[in-house]
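Every chain is numbered from 1, with letters handed out A, B, ... down the list of sequences. Note that these values count all heavy atoms, side chains included, but never hydrogens, waters or copies made by symmetry.
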Number of protein chains: 2
Amino acid sequence: MDATSAVAAFAALAHEHRLAAYRLLVEAGPDGLSAGAIAGQLGLPPSSLTFHLQQLLHAGLVSQRRASRQIIYAMVAVAMNGLMAFLTENCCGGQASCAPACAPAELSLSA
Amino acid sequence: MDATSAVAAFAALAHEHRLAAYRLLVEAGPDGLSAGAIAGQLGLPPSSLTFHLQQLLHAGLVSQRRASRQIIYAMVAVAMNGLMAFLTENCCGGQASCAPACAPAELSLSA
DNA sequence: CTGACGCTTCGACAATCCTTGAATTGTCGT
DNA sequence: ACGACAATTCAAGGATTGTCGAAGCGTCAG
């Protein structure tokens with residue numbers, strides 16, 4: 001994960017509809033959701049949704065596969081984790097005393 | 001952390017210079033850096049840097065305090081963590097079998 | 001082969017963001 | 001009080017992004 005792709009990923013998430021779509025896909029997990037299912041939950045016209053999904057796709061945050069007539073989008077977990085690792089990289093210069101602030105317990109699982 | 005402030009935070013990070021500045025502040029830790037120090041490392045004119053720092057400030061990602069003639073910026077750890085927690089919230093619908101993909105080991109510490 | 005469906009691409013417009021020089025505010029040493 | 005310094009505010013431009021109707025492409029049922 002380099003700075004350029006991190007910027008692209010953040011830009012992809014920096015929009016109300018895209019963030020909402022991405023969070024639906026995070027919740028859906030590896031099985032993903034069809035474009036139509038996402039459009040239904042977000043209430044967007046198809047062309048607008050495609051526009052946003054392409055941004056997420058181009059940023060590498062989601063993957064795309066075809067299932068008969070539908071197109072299924074799914075989160076790319078490694079991209080999300082890489083993004084977070086990039087953000088916290090070398091946090092506090094590596095001082096152990098500061099480390100808890102960099103990756104606190106409540107992040108370990110979203111239970 | 002609601003969707004609106006998450007969008008604001010991602011938008012703040014979705015720019016080359018702001019992401020670079022923020023990462024400098026993450027590395028600097030609680031002590032922070034002066035605006036001039038950041039400008040020096042990034043090679044930006046002062047007005048441009050202020051513009052970007054204001055975005056980070058307004059998004060709640062950094063804090064601002066004055067030290068005599070200088071203004072010191074520092075990361076707000078709780079905002080960064082809240083952002084990551086928001087992103088992974090309810091990951092995979094809470095399925096334990098999927099959870100490792102949502103917050104893998106290498107994120108726990110940036111050692 | 002035909003019609004219907006799901007999604008994407010195209011095109012044009014409106015809205016927003018980024019950049020930077022010049023002027024301004026706040027602070028310090030003398 | 002004065003000059004110097006650090007940072008911010010202001011203003012104007014050029015560039016980028018978001019929106020969505022209409023048209024096109026691939027897929028499936030009959």
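To the nearest angstrom, P of C/dC18 lies 15 Å from CG of B/L42. One interatomic measurement links the two molecules: CZ of A/F51 to C1' of C/dC10, which rounds to 13 Å at whole-angstrom precision. One can place CD of A/Q55 at 12 Å from P of C/dT9, the figure rounded to the nearest angstrom. Here D/dT16 presents its P atom at 15 Å from NE2 of A/H58, a figure rounded to the nearest Å. Computed from coordinates, the A/L56 CG to D/dG18 P distance equals 11 Å when rounded to whole Å.
When atom types are taken as modelled, the side chain of A/S34 and the backbone of A/A37 share a donor-acceptor pair closer than 3.5 angstrom. Side chain of B/S5 to backbone of B/D2: a donor-acceptor contact under 3.5 angstrom is found.
With sequence neighbours left out, the side chain to side chain donor-acceptor pair (under 3.5 Å) criterion links A/Q70 to no other residue.
Rounded to 10°, the angle separating the first-five-pair axis and the last-five-pair axis of the helix from C/dC1-D/dG30 to C/dT30-D/dA1 equals 40°.
Applying the ring pair (Phe, Tyr, Trp, His ring centres under 6.0 Å) test to every pair with at least one member in residues 17-50 of chain B, sequence neighbours left out, gives these pairs: B/H15-B/H17, B/H17-B/H52.
Taking the centre and axis of the six-membered ring of A/Y73, the NZ or CZ atom of A/R65 falls outside the cone set by 45° and 6.0 Å. Seen from the ring of B/F10, A/R18 does not count as a face-on cation partner, given the 6.0 Å and 45° thresholds.
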- Give the intermediate values and the outcome of side chain to side chain contact (heavy atoms under 4.5 Å, CB included) for residues A/L87 and B/L13. CA-CA 10 Å; A/L87 202 59; B/L13 294 171; 4.1 Å; yes
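Cluster partners of A/V78, by chain and number: A/V76. The rule joins Ile, Leu, Val, Met, Phe, Trp and Tyr whenever side-chain heavy atoms lie under 4.5 Å apart.
With contacts defined as side-chain heavy-atom distances shorter than 4.5 Å, the pair A/M80/A/L83 does not qualify.
B/H52 has no side-chain polar atom (N or O) that falls below the 4.0 Å cut-off from OP1 or OP2 of C/dC17.
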Protein-nucleotides 2-8 of chain C N/O pairs closer than 3.5 Å?
from  : atom 1 : to    : atom 2 : distance (Å)
C/dC5 : O4'    : A/R69 : NH1    : 3.4
C/dC7 : OP1    : A/A35 : N      : 3.3
C/dC7 : OP1    : A/G36 : N      : 2.9
C/dC7 : OP2    : A/G36 : N      : 3.0
C/dT8 : OP1    : A/Q64 : NE2    : 3.4
C/dT8 : OP1    : A/Y73 : OH     : 2.3
C/dT8 : OP2    : A/T50 : OG1    : 2.6

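Remark: nothing in residues 11-28 of chain A comes within less than 4.0 Å of DNA chain C through any heavy atom.
Cluster annotation: B/L44 and B/V62 are assigned to the same hydrophobic cluster (Ile/Leu/Val/Met/Phe/Trp/Tyr, side-chain heavy-atom contacts under 4.5 Å, transitive).
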